[in-house]
Amino acid sequence: MNSKAIITSALPYANGEIHLGHVASTYLPADITTRFLRQKGVEVYYICASDDFGTPILIQSEKEGKTPEDYVEHWNKRDLEDFEAFNIKFDFFYKTSSPENKQFVQDVFKKLEEGGHIYENEIIQLYCNTDKKFLPDRYVIGICPYCNADDQYSDLCEKCGRVPDEIKDPRCSICGQTPVKEKTKHYFFKLKNFSNKLAEYLDSNNNLQKDVKKYVQNWIKEGLTDWDITRDISWGIPIPIDSEKEKVFYGWFDNHLAYISSTIKFLNDNGKDGKNFWNESDIYHFIGKDIVYHHYLFLPAMRLGINEEYKLPDYIPTRGHLTLQSKKISKSRNWYIGLKEFLEIFPADYLRFYLVSINPYSQDDLNFDWDEFATKINSELIGNLGNLVNRALGFTVKSFDAVVPNPEDFDNMDRESEKMINELTSDLSALMEGNHLDRALKKILQFSAHFNQYFQHKEPWKNGPGTNSCVFLSVNAVRSLAIAIYPFMPESSQKIWSQLGLDGDVSTQGFAEISNIALKQNHKLGSVSPLFEKVEESIIEEQKSKLGDHN
RNA sequence: AGCGGGGUGGGGAAGUCAGGUCAUCCCGUCGGGCUCAUAACCCGAAAAUCAGUAGUUCAAAUCUACUCCCCGCUACCA
């Protein structure tokens with residue numbers, strides 16, 4: 001394992017709030033991985049930024065009568081607040097509209113141009129004579145050529161989900177007039193040039209998921225198309241060519257470069273050589289499956305195009321989309337749960353626990369189900385893990401005056417339990433390093449279940465022989481759990497830590513401490529109380545009834 | 001259409017890449033126990049020809065071929 005790592009997650013588009021789907025696939029897995037690597041002693045930084053540019057933001061800000069600057073500033077702040085409430089802890093949350101990113105993007109463009117990877121081409125684009133501007137993407141609405149739904153964007157039909165090649169009956173989304181076709185000069189990135197090198201990169205990187213790799217390799221085999229990287233709008237990073245004042249870069253040209261520019265700024269501000277650090281680190285980009293194309297092809301191609309001045313990704317953990325009650329999340333149909341709204345009802349750790357437990361390391365979609373959420377929280381988190389913590393510590397308080405007893409000679413069952421503690425570190429490490437967060441969490445529950453059984457068999461409340469050993473090992477198992485669940489549920493982890501009577505921040509404990517039997521006789525526990533409150537069915541029913549139309 | 005992923009006891013999932021140690025986990029049902037613990041927890045039982053067919057093999061949920069059925073992606077989006 002590399003001693004340095006940079007972790008990023010897909011940049012939230014600054015035009016709406018963070019919802020459950022966002023955090024499930026990218027921000028939460030990335031946050032957990034960051035916390036885990038830090039426990040392993042890796043110098044790791046989790047960097048993110050808001051994605052500020054593009055047509056949808058420009059249009060929306062115009063509608064709301066705001067400048068795009070103010071508009072994205074608002075969402076940048078709000079998103080960060082929501083992330084923090086969910087204990088997604090970035091080391092730095094910046095923005096693609098930062099001066100550093102502007103500079104960086106323009107530099108990269110120039111280098112690509114010098115390298116012969118950029119060319120100009122005239123394309124035909126719709127132009128509105130009333131508004132005197134070109135109309136890319138969402139500036140044009142019309143009839144979807146596939147399903148004939150009216151009032152759809154030219155770059156996306158929300159009815160059927162497809163991307164029209166050419167929309168029927170095009171209209172300007174600002175004034176409703178029919179636009180005309182005009183020629184305009186655009187810049188293209190020669191993605192084709194990189195087919196071989198991309199194939200090599202994908203082949204040689206064994207950390208990438210096999211299924212995603214296959215999928216991308218097929219695209220390469222079918223032949224890549226060069227990529228239009230400019231737009232005729234005012235909101236974006238200007239093209240660094242004097243005669244092109246009216247053009248900006250397409251959002252997907254500039255946004256992922258903010259991974260690098262934000263990291264460099266953060267590290268340089270903290271007295272490190274950002275570029276060196278980047279190149280010495282393992283680079284992780286956590287994404288959802290919808291942006292595989294950009295991260296497995298555009299992003300590496302652009303880094304290859306500037307001679308790998310910044311190293312290519314080592315890991316691109318890609319996860320599926322979240323459905324809600326088995327249906328696609330949709331804001332317009334009110335089939336949607338905002339992160340903020342959720343956290344007003346349930347603790348962050350409940351959501352973190354549930355989302356991880358249903359989220360495999362694959363592109364498979366996962367489903368948020370309210371009933372399943374309640375069951376998993378009540379029976380697995382509370383009935384199994386919470387119960388063990390509470391019964392082991394509570395019993396020690398009641399029967400041993402909160403003091404850890406001196407163990408007697410271990411019998412077979414004690415030794416087996418001791419072994420479980422000894423092996424938990426390596427069992428979990430293997431799973432977490434392989435990004436199998438769901439399996440690691442299951443392993444933790446298995447561990448906890450074992451100690452529930454052990455406690456039951458030993459019947460320490462009867463105060464027979466072996467009671468001291470049982471209490472001794474159980475309390476130490478709780479300590480192991482506290483450290484092990486830290487990446488997943490940092491708040492609960494810290495609570496257990498305090499209940500154990502341990503000082504300081506549990507996050508400073510190294511991962512190997514999980515297997516250390518560190519609480520010796522005479523250690524005094526803190527004050528003990530149940531960690532979790534059960535999820536009430538009535539609240540679940542209330543939440544379910546909020547979804548969907550209420551006309 | 002192409003590509004990708006699936007079909008495992010009543011429900012939801014794991015296991016499939018490296019075939020045997022495997023039929024596992026959670027919920028539910030039934031019976032028992034315990035009383036330290038948030039009506040928790042522990043033990044046990046019923047219930048699956050692991051979609052179907054054919055094959056490879058000493059051995060297949062796992063590999064191969066074909067068939068049926070689901071879902072996702074195809075360059076906007078986590």
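To find a chain, count down the sequence lines: A is the first, B the second, and so on, and within it residues start at 1.
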Engineer: If you only use heavy atoms from C-beta on, which nucleotide in rG72(B), rC36(B), rU38(B) is closest to the side chain of Lys289(A)?
Structural biologist: rG72(B)
Engineer: What is the distance from CD1 of Ile358(A) to C1' of rC27(B), rounded to the nearest Å?
Structural biologist: 15 Å
Engineer: Please give, in whole Å, the distance from rG15(B) C1' to Lys442(A) NZ?
Structural biologist: 10 Å
Engineer: Using atom CG of Asp365(A) as one end and atom P of rG6(B) as the other, report the distance to the nearest whole Å.
Structural biologist: 13 Å
Engineer: Determine the Euclidean distance between corresponding P atoms of rC17(B) and rU74(B); express it in Å to zero decimal places.
Structural biologist: 30 Å
Engineer: Checking contacts here: which listed nucleotide (rU35(B), rU38(B), rA78(B)) is nearest the side-chain heavy atoms of Asn390(A)?
Structural biologist: rU38(B)
Engineer: Carefully, step by step, assess Tyr46(A) and Tyr27(A) under the rule side-chain contact (heavy atoms from CB on, under 4.5 Å).
Structural biologist: CA-CA 10 Å; Tyr46(A) 184 11; Tyr27(A) 303 102; 3.8 Å; yes
Engineer: Does a side-chain N or O from Arg391(A) land closer than 4.0 Å to OP1 or OP2 of rU38(B), or not?
Structural biologist: no
Engineer: Measure from the side-chain heavy atoms of His321(A) and tell me the nearest of rC76(B), rC43(B), rA78(B).
Structural biologist: rA78(B)
Engineer: Take atom CZ of Arg439(A) and atom P of rA14(B), then tell me their distance rounded to the nearest Å.
Structural biologist: 9 Å
Engineer: Using a heavy-atom cut-off of 4.0 Å across all strands, would you classify Lys458(A) as base, sugar-phosphate, or nothing?
Structural biologist: nothing
Engineer: When you get a sec, tell me which of rC36(B), rA78(B), rC76(B) is the closest nucleotide to the side chain of Asp290(A)?
Structural biologist: rA78(B)
Engineer: Once you apply a heavy-atom cut-off of 4.0 Å, does Gly383(A) come out as touching a base, just sugar-phosphate, or nothing?
Structural biologist: sugar-phosphate
Engineer: Of the listed nucleotides (rU38(B), rA78(B), rU74(B)), which one gets closest to any side-chain atom of Ile291(A)?
Structural biologist: rA78(B)
Engineer: Testing the 3.5 Å rule here: is there a donor-acceptor pair between the side chains of Glu372(A) and Asn367(A)?
Structural biologist: no
Engineer: Counting side-chain heavy atoms from C-beta on, which of rU38(B), rG15(B), rC26(B) comes nearest to Ile382(A)?
Structural biologist: rU38(B)
Engineer: When rounded to the nearest Å, what value does the distance between C1' atoms of rA60(B) and rA23(B) take?
Structural biologist: 13 Å
Engineer: Which whole-number value in Å describes the distance from Asn384(A) CG to rC25(B) P?
Structural biologist: 13 Å
Engineer: In whole Å, measure the gap between the P atoms of rA1(B) and rU67(B) for me.
Structural biologist: 13 Å
Engineer: Rounding to a whole Å, what distance do you find between Tyr296(A):OH and rC3(B):C1'?
Structural biologist: 16 Å
Engineer: Looking at Phe286(A), I'd like to know if the NZ or CZ of Arg319(A) sits under 6.0 Å from its six-membered ring centre while staying within 45 degrees of the ring's axis.
Structural biologist: no
Engineer: Closest to the Phe532(A) side chain: rA78(B), rC41(B), rU38(B)?
Structural biologist: rU38(B)
Engineer: On the six-membered ring of Phe488(A), is Arg352(A) placed so that its NZ or CZ lies under 6.0 angstrom from the centre and within 45° of the ring axis?
Structural biologist: no
Engineer: Of all the choices, rC43(B), rA78(B), rG33(B), which nucleotide is nearest to the side chain of Gln456(A) once you look at every atom?
Structural biologist: rG33(B)
Engineer: To the side chain of Leu531(A), which of rA78(B), rC36(B), rU38(B) is closest?
Structural biologist: rU38(B)
Engineer: Looking only at side-chain atoms of Ser379(A), point me to the closest of rC42(B), rC26(B), rU38(B).
Structural biologist: rC26(B)
Engineer: For RNA chain B, what string of dots and brackets results from 5' to 3' when Watson-Crick and G-U pairs need both distances under 3.5 Å, crossing pairs get [ ], and pairs with another strand get |?
Structural biologist: ((((((((.[[[[.)....(...]]]].(((((.......))))).....[[[[[..)....]]]]])))))))....
